[in-house]
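Keep in mind that what you see is a predicted model, and the values were worked out from it rather than measured.
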Amino acid sequence: MSQPAAPLPSDPAEAMLARRRALLGGSYRLFYERPVHLVRGEGVWLFDAEGRRYLDAYNNVPAVGHSHPRVNAAVTAQMGLLNTHTRYLHEAILSYSERLLATFPEEIAQVMYTCTGSEAVDLALRIARHHTQGAGVVVTANAYHGTTAATVEISPSLGPAVPLGRCVRTVEVPGEGPRMGRVLAENVAAAFADLARHGIRPAAFVADGIFSTDGVRAEPAGFLQPVLEAVHAAGALYVADEVQPGFGRTGGAFWGFQRHSIVPDMAVMGKPMGNGLPIAALALRPEVGERFGREVRYFNTFGANHVSLAAAGAVLDVIEAEGLQANAARVGTQLLEGLKGLAGEFDRVGEARGAGLFLALDLRDGETGAPDAALATRVVNSLRERGVLIGASGPAGNVLKIRPPLPFASAHADLFLAKLREVLAGTA
């Protein structure tokens with residue numbers, strides 16, 4: 001005879017957690033020691049089930065803000081007209097592609113669509129390997145590039161339980177400084193040489209141009225130029241992962257790679273593209289994809305469906321109409337100056353760095369100067385209790401990751417800095 005099910009906890013939050021564990025299993029993770037139960041979002045604010053609001057200084061997916069009315073209207077209108085795939089003629093995909101490609105250097109002149117950034121990176125790997133007839137891939141030491149079987153093999157940040165591929169090598173990202181680019185280029189060249197030494201022909205170097213999971217590295221602008229040269233000297237292709245730094249987030253340029261005055265062979269984009277709707281893409285030099293296009297049939301059922309395209313078009317409209325790239329530059333400068341002030345005020349606060357609305361703050365042990373992940377965890381959770389949401393990143397987990405929606409304004413920056421100072425004063 002079967003045993004009766006255990007009673008659910010009486011506390012609503014605990015009951016939800018119990019249901020979540022039972023229904024979703026162990027792989028799904030929640031943010032914060034005391035998870036947030038969100039029910040609504042508006043602009044740069046999120047609201048929980050009890051009506052409390054939280055300043056969102058973390059989520060780049062709703063790039064133009066949560067529940068933006070212009071995006072909502074575009075999606076709603078398109079839902080009432082048509083929503084199908086790319087195997088029928090339609091003006092929407094052509095018009096959007098022209099607009100999107102106009103934001104890239106002229107050498108990048110074609111685009112292919114997927115639903116997620118992971119799929120876009122996966123597709124870039126396929127094309128790179130088809131074009132070069134190689135298999136070797138070099139990534140940074142704590143990179144994250146996706147969740148497909150191919151992309152987890154180039155995502156060392158997922159940890160030792162997710163092994164890297166046999167044809168993958170990693171390189172450390174040096175600290176910011178005048179020789180940063182040259183040192184990184186030497187590391188990349190050595191990694192490709194090691195692949196070749198083991199009989200593995202180079203295919204691609206994949207990098208997020210602000211090195212989001214490697215602790216955020218933004219300066220000096222231009223440091224990726226020698227890296228591109230090293231990649232091409234090895235016979236590989238340069239794939240710029242723009243899922244996090246793209247769409248004007250770094251302020252000075254629409255795409256992260258443009259801060260470095262380079263033109264990659266391919267660029268992938270994802271989450272912010274449709275403000276949360278499932279649309280992603282790979283933009284590329286036509287000559288790189290020529291052989292793949294001639295020999296391989298590509299199709300993605302939901303990639304560039306009409307509703308997601310409508311959202312993506314509205315995102316471009318809002319970025320332009322509301323001047324969000326310029327806002328990222330202006331408010332990002334304010335935030336960076338404030339973070340540097342905190343670094344000078346608190347002994348356990350190290351370097352502040354970033355570009356636009358993508359910033360980082362190192363936390364360290366007050367006596368040894370070593371990275372302090374425990375302190376970062378306390379700060380992140382203390383901010384959550386004060387109504388501010390951020391995350392932590394970096395190889396040691398000690399880097400505060402600040403990456404708000406693009407409409408984040410000066411007043412929001414002031415509030416964020418005040419709350420962070422209050423938390424640091426109590427914990428650091």
- Report the C-alpha distance between Leu237 and His131 in whole Å, list the side-chain angles of each, state the deciding distance to 0.1 Å, and finish with yes or no for side chain to side chain contact (heavy atoms under 4.5 Å, CB included). CA-CA 9 Å; Leu237 301 181; His131 178 79; 3.9 Å; yes

- Item | Heavy-atom donor-acceptor pair, Asn305 side chain to Asn83 backbone, under 3.5 Å | no

- Query: Quick one: does NZ or CZ of Arg217 land under 6.0 Å from the six-membered ring centre of Phe211, within 45 degrees of the ring axis?
  - Reply: no

- Item | Pairwise side-chain contact, Val121 with Val239, heavy-atom cut-off 4.5 Å (strictly under) | no

- Please indicate whether Glu295 has more than 12 foreign heavy atoms, meaning atoms of other residues, nucleotides or ligands, lying under 6.0 Å from its CD. yes

- Message: According to salt bridge (Lys or Arg N to Asp or Glu O under 4.0 Å), does anything in residues 175-189 pair up with another residue at least two apart or in another chain? List the pairs.
- Response: Arg179-Glu186

- Message: Counting only heavy atoms not in Arg294 (residues, nucleotides, ligands), do more than 12 fall under 6.0 Å from its CZ?
- Response: yes

- Message: I'd like to know if the side chain of Ser118 and the backbone of Thr147 have a donor-acceptor N/O pair within less than 3.5 Å.
- Response: yes

- Decide whether a cation-pi geometry holds between Arg126 and Phe292; the criteria are a distance under 6.0 Å from NZ or CZ to the six-membered ring centre and an angle within 45° of the ring axis. no

- Message: ring-ring contact (aromatic ring centres under 6.0 Å, His included) for Tyr54 and Phe47? Distances and angles first, verdict last.
- Response: CA-CA 6 Å; Tyr54 298 81; Phe47 299 82; 8.7 Å; no

- Query: Ignoring hydrogens and geometry, is there a side-chain-to-backbone donor-acceptor pair from Arg259 to Ala218 under 3.5 Å?
  - Reply: yes

- Query: Please walk me through it: do His68 and Glu322 pass side chain to side chain contact (heavy atoms under 4.5 Å, CB included)?
  - Reply: CA-CA 12 Å; His68 195 288; Glu322 298 183 8; 2.8 Å; yes

- For the residue pair Trp255 and Phe104, categorise the inter-ring angle as parallel (less than 30°), tilted (30 to 60°) or perpendicular (more than 60°). parallel

